[in-house]
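Before any comments, here is the structure.
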Amino acid sequence: MTATDRLWTRLETYYAGAYWGTRREAPEDCGRRTARLLELLAPCDPFLAHWYKPTRSLKDERKFPLLPPDMPTLTEMFRRGVNREKGKPVIEELGFSVTFGNGGGDYDRSALGILCGCYSEVVPNCCTLSLPTLGRSPNAERVISAPVLTHAVRSMALAMDPDWAVAMSHAYRKLDDEDRAGPWVGWVTYFSKQRGTVPPLPAPVRIEPVEDQGTLIILTPERFTVANPEHVALARRVRELLARAGLIQPR
């Protein structure tokens, strides 16, 4: 590995996100989806098995665990997460948003941000999961792996019922044109069956069903990185095939 490759790898940070269109839902619905997501994530890895209600002070963050899921607490979090401009009425079509973390320290933490119940035509609903930083976190090497991120994206698909979801590096998203509207094709990608049928894809790509909801695509068993030109070429080839199949047009 060259010095440039090592720099890319060290700087490469990863995240997972699920995205869906207009869906009017109540705080109770958002709380129910979130409860299922937390339950599904827990067996994935110990790092993703503990979540805490947001507090004003980081030193108090671990005082209010969200597992096992407490529906009244989760529902109230969403109810309080309405969107409004200061001093003005609630913007109902923008739904509800919450963000909470796993209690980790700098570079060794994960956060879940959820916008749910939005029925605006210009703002998508989403669920995003930040991940620890390679080289700075004792958990990152284990968490940023194909098995863990496949489990995480599958959990998002089952709990949130998105149109599409992805786990990828910020560096690859930028390289692939960060201004382009999604769906993006990442290390792990999910498409709802409503988007169409995933075509045959070249090795070493793996395709897995997600119950009767959609399909997962895992590009490589090893960590996907922009430092590897073969990874980048494979991702672009897969995106081209998915585009031909009509799966990645914005909707």
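Just the heavy atoms: all of them, side chains too, but no hydrogens, waters or symmetry mates, feed the values below. Remember, predicted model here, so these are calculated numbers, not experimental data.
Annotation for Arg142: atom CZ counts as buried by contact number, over 12 foreign heavy atoms lying within 6.0 Å. Heavy-atom neighbours of Glu25 CD from other residues, nucleotides or ligands within 6.0 Å: above the threshold of 12. Summarising the local packing, OH of Tyr107 is surrounded by 12 or fewer heavy atoms from other residues, nucleotides or ligands at distances under 6.0 Å.
Looking at Thr225 and Ser169, their side chains never come closer than 4.5 Å, going by heavy atoms from C-beta outward.
Comment: Glu76 engages Arg80 in a salt bridge, judged by a side-chain N to carboxylate O separation of less than 4.0 angstrom. Glu28 and Arg79 are joined by a salt bridge, as a carboxylate oxygen and a charged side-chain nitrogen come within less than 4.0 angstrom of each other. We find that Glu240 and Arg237 are joined by a salt bridge, their nearest charged nitrogen and carboxylate oxygen being less than 4.0 Å apart.
Gln213 and Tyr190 get closest at one heavy-atom pair: O-OH, 3.3 Å. Of all the heavy atoms in Met160 and Ile114, the pair that sits closest is CE-CG2, 4.0 Å. Considering every non-hydrogen atom in both Ala159 and Arg33, the closest pair reads O-NH1, 3.1 Å.
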Test side chain to side chain contact (heavy atoms under 4.5 Å, CB included) applied to Lys174 and Val226, step by step
CA-CA 10 Å; Lys174 185 173 184 178; Val226 295; over 6 Å; no
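Expressed to the nearest 0.5 Å, how far CZ of Arg24 lies from CD of Glu92 amounts to 6.0 Å.
Taking the six-membered ring wherever Trp is involved, the centroid distance between the rings of Phe191 and Trp164 does not fall below 6.0 Å.
A search for ring-ring contact (aromatic ring centres under 6.0 Å, His included) contacts involving Tyr52 returns nothing, not counting sequence neighbours.
The closest donor-acceptor contact from the side chain of Asp45 to the backbone of Val143 lies at 3.5 Å or more, if one exists at all.
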Residues 200-212, side-chain donor-acceptor partners within the protein, below 3.5 Å, at least two apart:
from, atom 1, to, atom 2, distance (Å)
Arg206, NE, Glu208, OE2, 2.8
Arg206, NH2, Glu208, OE2, 2.9
Glu208, OE1, Arg154, NH2, 2.7

